[in-house]
Amino acid sequence: MTLACALAATTSMVKAEDVEVLHWWTSGGEAAALNVLKEDLAGQGIGWQDMPVAGGGGEQAMTVLRARVTAGDAPTAVQALGFDILDWGEQGSLADLNDVAAQEGWDAVVPEALQFFAKYDGKWIAAPVNVHSTNWVWANKAVLDANGIAVPETWDDFVAAVETLKAAGITPIAHGGQAWQDATIFDAVVMSTGGPELYKAAFIDLDPEALGSDAMKEAFDRMSFIRANVDDNFSGRDWNLATAMVINAEAGFQMMGDWAKGEFLNAGKVPGQDFLCFRFPGTGDQVTFNADQFMMFDQGGVVSPEQAALATAILSPAFQSAFNVVKGSVPARTDVSDEAFDDCGKQGMKDLAAAASSGNLFGSMAHGHANPAAVKNAIYDVVTAHFNGEYDSATATEELVNAVEGAQ
Ligand code: GAL
C-alpha cells in the first residue's frame, strides 16, 4: 500500500467523535432550545456529550471552563458571551474557523455587532447562535387585565402599575436576587433614566462623569423602587423561577432578557393571550443586546470534523429559525424570515434591525457585551450591594465611579 493509500484509508476510517459542549442552558426553555441543536447533530451522526453548568449569565460556566483549560482538558465547544470570547481569542486558545466561515459566507450575513465579538485578529473564533436583548418586560396578561392595567409606556406608568398591583395584594415584580439578574434590570433602568447617551457614556465609554452623574443616582433610586416591590423570598432565586411566578399569576411583571420567553412557551403559554412582552418603559427605540456564541477550542491547529459540523449547523438558516423560535432570541443572521416567529419574536427582529440602523443598538453591560469581565464584575458588585441596601443611591453612585476606575 502506498503512503497516499494508507492515509486515505485512515481518513475514511475516522469516525466522527462526540462533541463535548459546555453550556449553562439548564432551565426548561433553554433545554428545549438546546435539544434542537442536539437533534440536528444527531441527524448527522454526531453524538453529544453534555457538560451543563447551571447559572444564568454563565459566570459559573466560565469558572469551570478556566479549570478545564488549566488542566489541559478543554471541551470541544463552549457557550460564551461577548468580551469573554475576545479574552479567549487573545489567549490563543481558540480554533480558527475562517475556512468554515468562508465556505458558509458568514461575513455577508452575520450582523456587524456580532462579528465584533466573533472574530479576533481577523479570524472567526466563534459561531453566533442568536441575538438576545435585556430591555424587555414580561407580564401576566390576566393579572394586568384584572387590575385594569395597560402596558406601561413610561417610568411613571410603570410606577402606577406597580402601585396598583401592590394595593391589590399581588407581588408586582418577580425577581431573583442574584448579581447578574440585578445587573440585567440595571441595563434597562439606566437606559430608561438617562437615555442612550447615559448608557453609552457610562457603560461603553466608562466616562467617570456619566458614572457619577445625577442621572445615575436617579437610576439607583429607581432600582430602590424595584427592590421595594419584589417579594420577601427574592434573594438567590433563579431567574426561571421568577419567570414561573409571572406564568402562574403569582406576580405581575418580570424584567428579564428574552430567554424568559422560552419559559413561557415551554409552559404552553401564548404571547398576546397569556403573557405580554414589551420593551422596558422608556426604552422603546433601544436594544441592549447579548449574543450567545459557541467558541471552538483549538485541537492541535486543526478544526475537527465535529467542530466544523457544529459551527456549520449553528449558522444554517433553518437552524437559526428553529432554535431561536424556541429560545426566545432572534437569529444571528440578517437573512432569516420572521415567518415562524411569534409576535414577540417578530417584534424582536424588527427592533433589532431598527436599532442597528438608528444607532440605538448597544451591548448589554450585564451580559458581557459592554466591557471585559473585570469591569462588568465591578459594576455588578456595586449594583448588588445597593439593591440589598448596603449603599444608598448617592453612595452607590460614588462607588460605581471608584469600582470602574479600579477595574481598568
Ligand atoms: C444569558 C444567555 C441566555 C440565557 C441567560 C440565562 O447570558 O445569553 O442565553 O441563557 O443567560 O441563563
Side-chain angles (χ1 to χ4, degrees), residues 21-37 50-65 77-85 87 113-114 117-118 126-136 138 174-188 236-244 246 254-266 277 287-295 314 319-320 323-332 344-345 348 352 362-373 376-377 379-380:
V21 183
L22 194 158
H23 63 88
W24 63 91
W25 284 336
T26 55
S27 77
E30 291 173 327
L34 198 61
N35 262 335
V36 178
L37 183 56
D50 209 32
M51 180 72 194
V53 182
E59 230 176 312
Q60 288 88 329
M62 290 301 107
T63 305
V64 170
L65 175 61
V78 178
Q79 178 194 358
L81 294 172
F83 280 92
D84 288 341
I85 302 169
D87 196 29
L114 268 55
F117 295 108
V129 188
N130 61 17
V131 189
H132 272 301
S133 58
T134 55
N135 57 321
W136 285 105
W138 308 89
H175 180 60
Q178 296 173 348
W180 74 270
Q181 294 187 60
D182 302 341
T184 300
I185 297 183
F186 200 54
D187 267 1
R237 174 188 288 136
D238 287 336
W239 67 272
N240 52 312
L241 300 182
T243 311
V246 178
Q254 182 188 24
M255 279 88 85
M256 187 43 64
D258 40 14
W259 45 90
K261 194 185 78 179
E263 298 307 299
F264 284 95
L265 300 182
N266 198 47
C277 58
V287 171
T288 47
F289 81 97
N290 63 307
D292 295 300
Q293 307 206 28
F294 280 96
M295 318 185 282
I314 283 172
F319 171 79
Q320 284 285 322
F323 175 88
N324 287 306
V325 158
V326 179
K327 183 70 168 69
S329 37
V330 303
C344 298
L352 177 65
F362 299 96
S364 158
M365 175 281 293
H367 292 265
H369 282 69
N371 301 286
K376 181 190 83 170
N377 291 332
I379 298 176
Y380 273 23

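Just so you know, ligand 1 is whichever comes first in the structure, and atom 1 is the first atom listed for that ligand.
- Residues passing the salt bridge (Lys or Arg N to Asp or Glu O under 4.0 Å) test with Lys327, sequence neighbours excluded: none.
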Could you list, one pair per line, each nitrogen or oxygen of ligand 1 together with any protein nitrogen or oxygen closer than 3.5 Å, giving atom names and the distance rounded to 0.1 Å?
| unit_1 | atom_1 | unit_2 | atom_2 | d |
| --- | --- | --- | --- | --- |
| ligand 1 | 7 (O) | His367 | ND1 | 2.9 |
| ligand 1 | 8 (O) | Asn290 | ND2 | 2.8 |
| ligand 1 | 8 (O) | Asp292 | OD1 | 2.7 |
| ligand 1 | 8 (O) | Asp292 | OD2 | 3.1 |
| ligand 1 | 9 (O) | Trp25 | NE1 | 3.0 |
| ligand 1 | 9 (O) | His132 | NE2 | 3.4 |
| ligand 1 | 9 (O) | Asp292 | OD1 | 3.4 |
| ligand 1 | 9 (O) | Asp292 | OD2 | 2.6 |
| ligand 1 | 9 (O) | Lys327 | NZ | 2.8 |
| ligand 1 | 10 (O) | Trp25 | NE1 | 3.0 |
| ligand 1 | 10 (O) | Glu30 | OE2 | 2.4 |
| ligand 1 | 11 (O) | Trp24 | NE1 | 3.2 |
| ligand 1 | 11 (O) | Gly57 | N | 3.2 |
| ligand 1 | 12 (O) | Glu30 | OE2 | 2.6 |

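- Interatomic distance, Ile379 CD1 to Phe186 CZ, rounded to the nearest 0.5 Å: 8.0 Å.
- Counting only N and O atoms by type, the side chains of Asn240 and Glu263 include no donor and acceptor under 3.5 Å apart.
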> Run the side chain to side chain contact (heavy atoms under 4.5 Å, CB included) check on Thr184 and Trp239 step by step: do they pass?
Replying inline: CA-CA 11 Å; Thr184 300; Trp239 67 272; over 6 Å; no
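- The side chain to side chain donor-acceptor pair (under 3.5 Å) search around Trp180 returns Gln178, not counting sequence neighbours.
- Not counting sequence neighbours, the partners of Thr243 by the side chain to side chain donor-acceptor pair (under 3.5 Å) test are Gln254.
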